[in-house]
2 protein chains.
Amino acid sequence: MKKVLLRDVAEKAGVSIAMVSYVLNGQKTDRINKDTAQRIRKVVEELNYRPNFLAQSLKLKKTFSLGFVAADIANTFSSQLARIISDEADQAGYALIIGSSDESKPRFERLINQLLNRQVDGLILAAPEGSDELIKALQDRKTPLVLIDRYFPDLLVSSVSVNNYQASFDAMSEFITQGRKKIGILVYDTTLQHLKERMLGAQDGITQSHSASYVTHVIHENHIEQEVFAAITSMLQTGVDAIYFTSNKLGIAGMRYLMNHQIAVPTQVSTLFFDETEVFDFYPSPLPFIRQPLADMGKKAVELLFQQMNDSALPPESIILETSFVHSHSSFTQ
Amino acid sequence: MKKVLLRDVAEKAGVSIAMVSYVLNGQKTDRINKDTAQRIRKVVEELNYRPNFLAQSLKLKKTFSLGFVAADIANTFSSQLARIISDEADQAGYALIIGSSDESKPRFERLINQLLNRQVDGLILAAPEGSDELIKALQDRKTPLVLIDRYFPDLLVSSVSVNNYQASFDAMSEFITQGRKKIGILVYDTTLQHLKERMLGAQDGITQSHSASYVTHVIHENHIEQEVFAAITSMLQTGVDAIYFTSNKLGIAGMRYLMNHQIAVPTQVSTLFFDETEVFDFYPSPLPFIRQPLADMGKKAVELLFQQMNDSALPPESIILETSFVHSHSSFTQ
DNA sequence: ACCTTTTGTTTAAACGTTTAAACATATCAG
DNA sequence: CTGATATGTTTAAACGTTTAAACAAAAGGT
């Protein structure tokens with residue numbers, strides 16, 4: 001079965017290719033004869049004509065597709081974000097091409113190049129460590145672009161993120177009012193600003209309470225499980241009575257430990273997580289956590305990106321969304 | 001900063017556009033002067049020329065992109081599959097456009113149309129209920145296409161799936177050797193063959209053991225939580241001592257119930273799941289499940305698809321992969 | 001010396017659209 | 001009845017590549 005072209009429609013309707021194009025795109029409606037238009041539309045229907053996206057894109061210099069490079073698509077955070085962005089893009093008639101850098105800078109760069117080769121109209125990026133210059137270069141090339149989740153303090157780029165510092169700062173009061181005295185903070189060994197801020201916020205929050213101390217353990221990405229286990233072991237030995245997990249994955253590893261070692265939560269140690277996971281549901285006691293407004297983040301990012309695409313002269317805008325503190329995860333979230 | 005075109009390279013290198021194209025595509029290598037080729041390559045480098053994918057695709061009638069329509073990308077099963085397929089495609093130089101039908105046939109159809117408009121070179125589909133004719137139509141149009149996970153018994157299309165019937169059948173012996181007498185089976189109200197086979201396999205397995213009976217509860221997709229809760233309540237009242245959850249989501253809902261109601265697993269009721277979830281880790285006792293070979297499924301699907309794309313005359317092939325029975329989920333899977 | 005190959009390069013059409021500009025005919029004002 | 005204007009449609013160039021075919025010059029064979 002041969003592909004139906006504009007030419008085929010034109011031929012069958014007895015008009016020029018241009019006419020068909022005009023009718024299909026709703027242009028020159030005031031000029032075109034109603035009957036002709038009707039006839040063309042009928043033929044289009046009959047032949048079930050579908051425009052060739054490639055040809056259109058080539059001509060219009062617009063592919064109606066966006067690229068999203070996630071940090072690690074295996075992580076629920078990324079995949080939920082991807083889903084939201086995809087839906088959002090979809091509604092605007094855009095397709096989303098998704099990549100995952102797996103936190104590797106070279107891979108990130110490769111993905112971006114691929115996306116640009118494919119002429120995506122804009123990018124939403126969860127940038128890995130050390131990718132600042134790369135982002136800068138993209139910006140210099142006037143590539144419409146929005147950072148999500150991650151941001152670089154000395155880079156003036158549009159971004160959507162959450163109040164990492166403040167949320168962490170505020171959350172510590174939870175431990176304080178519980179009367180916790182020694183708080184363990186688990187962080188990654190990273191230069192990523194948003195993670196550093198989670199740590200700093202927590203530390204400052206504790207310090208300023210004047211009623212508790214903290215100990216920070218730095219975990220390396222490639223040995224999460226082992227290092228988290230070691231960190232918690234050490235913490236418990238040194239009388240830590242509350243633990244703040246600054247990320248998703250750290251939290252999961254931590255809970256696995258506490259579960260396996262039958263540590264009573266929150267009696268023996270109190271816990272707090274940045275980010276939510278389905279697994280929390282399955283812990284016998286409620287596990288409080290800081291929730292990021294995923295849907296808003298995704299929507300805002302797409303919105304910002306579209307703005308950039310429509311007006312490249314627009315100055316970069318940084319949106320910082322509020323997180324919320326959730327005391328107990330309802331069993332009835334679907 | 002202007003886009004660098006083939007023309008720009010040609011100009012700077014003092015040759016025709018064709019020469020640059022030939023050199024870049026490694027064609028006519030025997031004819032082209034080594035020095036000229038070298039010079040061209042140098043200019044390409046200097047100008048950092050990137051071919052325009054659209055123009056290439058239009059000319060070559062190949063977009064080097066595949067479409068994957070997942071059943072529900074929010075489900076780990078789908079997203080893991082997506083990740084594998086994406087990686088596999090990537091390695092072959094193909095991009096993956098992902099959609100999620102959310103088990104809705106109209107949405108499925110819309111997504112497929114979008115993907116075809118975008119001229120993807122092939123499709124991998126987790127088809128929702130009742131989409132047989134649609135698949136058939138695609139096949140008639142000679143669209144390279146592979147079904148994954150789901151299949152339609154009377155449709156001769158390439159597909160990759162697992163031994164749903166046999167796996168369920170065999171798994172029941174687990175309950176039998178435990179001496180379980182009344183087994184509850186939780187299934188969806190669906191016409192999807194793979195799910196029906198999971199149910200039938202289990203039923204036949206139990207029947208043929210001559211030592212236990214079963215009761216089947218049908219759950220409707222849109223009220224999973226409530227209906228699963230009701231079903232389990234009813235089962236427990238009628239002396240069911242083992243439950244087989246035929247899917248991921250049913251299992252999660254079920255475990256949530258058992259957890260909340262402090263039902264002892266496996267002492268009071270034994271459980272068995274089709275599919276694995278991270279949440280299983282967080283249950284105090286090990287939860288046995290049937291594992292699908294996700295990676296193999298994804299790889300095979302891509303492989304099959306590429307075969308189809310290379311030779312459209314190839315007859316459809318159905319690959320059925322083996323599942324494995326996992327007794328206890330290791331706490332150290334990353 | 002002349003024809004044939006070989007080597008190296010260019011020309012030009014094609015892929016399937018969009019759209020400015022040109023064209024043709026009908027309608028209208030004076 | 002004529003020039004202007006409104007109405008309806010077509011022509012042709014462009015988007016950025018690929019590639020068959022044509023061309024030109026050098027090398028080889030007799």
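Lettering follows sequence order; numbering is per chain, from 1. Below, all heavy atoms of this structure are taken into account, side chains as well, without hydrogens, waters or symmetry copies.
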Check ion pair A/Glu303-A/Lys300 (N to O, under 4.0 angstrom): yes

Is the distance from OP1 or OP2 of D/dT18 to the nearest side-chain N or O of B/Ser21 less than 4.0 Å? yes

So what does A/Tyr49 touch, heavy atoms closer than 4.0 Å: a base, only the sugar-phosphate, or nothing? sugar-phosphate

Here the distance between atom C1' of D/dT17 and atom CG of A/Leu54, to the nearest Å, is 12 Å

Is A/Asn25 reaching over with its side chain to a backbone N or O of A/Gln27, donor-acceptor style, under 3.5 angstrom? no

Check ion pair B/Glu133-B/Lys105 (N to O, under 4.0 angstrom): yes

Counting just side-chain N and O atoms, does B/Gln56 come under 4.0 Å of either OP1 or OP2 of D/dT18? yes

To the nearest Å, give me how far apart CD (A/Glu11) and P (C/dG16) are. 14 Å

Let me have a per-nucleotide readout for nucleotides 7-15 of chain D, 5' to 3', with B, S or -, counting only protein heavy atoms under 4.0 Å. BBSBB--BB

Is a side-chain donor-acceptor pair under 3.5 Å present for A/Gln308 with A/Ser158? yes

Quick check against the 3.5 Å criterion: does A/Asn310 have a side-chain atom that pairs as donor or acceptor with the backbone of A/Phe306? yes

Estimate the overall bend of the helix from C/dA1-D/dT30 to C/dG30-D/dC1 from the end axes over five pairs each, rounded to 10 degrees. 60°

Does B/Phe77 offer a backbone N or O that forms a donor-acceptor pair with the side chain of B/Asn75 under 3.5 Å? yes

A/Arg118 side chain to B/Thr63 backbone, donor-acceptor under 3.5 Å: yes

What's the verdict on salt bridge (charged side-chain N to carboxylate O under 4.0 Å, His left out) for B/Arg107 and A/Asp87, showing C-alpha distance, side-chain angles and the deciding distance? CA-CA 12 Å; B/Arg107 201 172 144 77; A/Asp87 281 356; 3.7 Å; yes

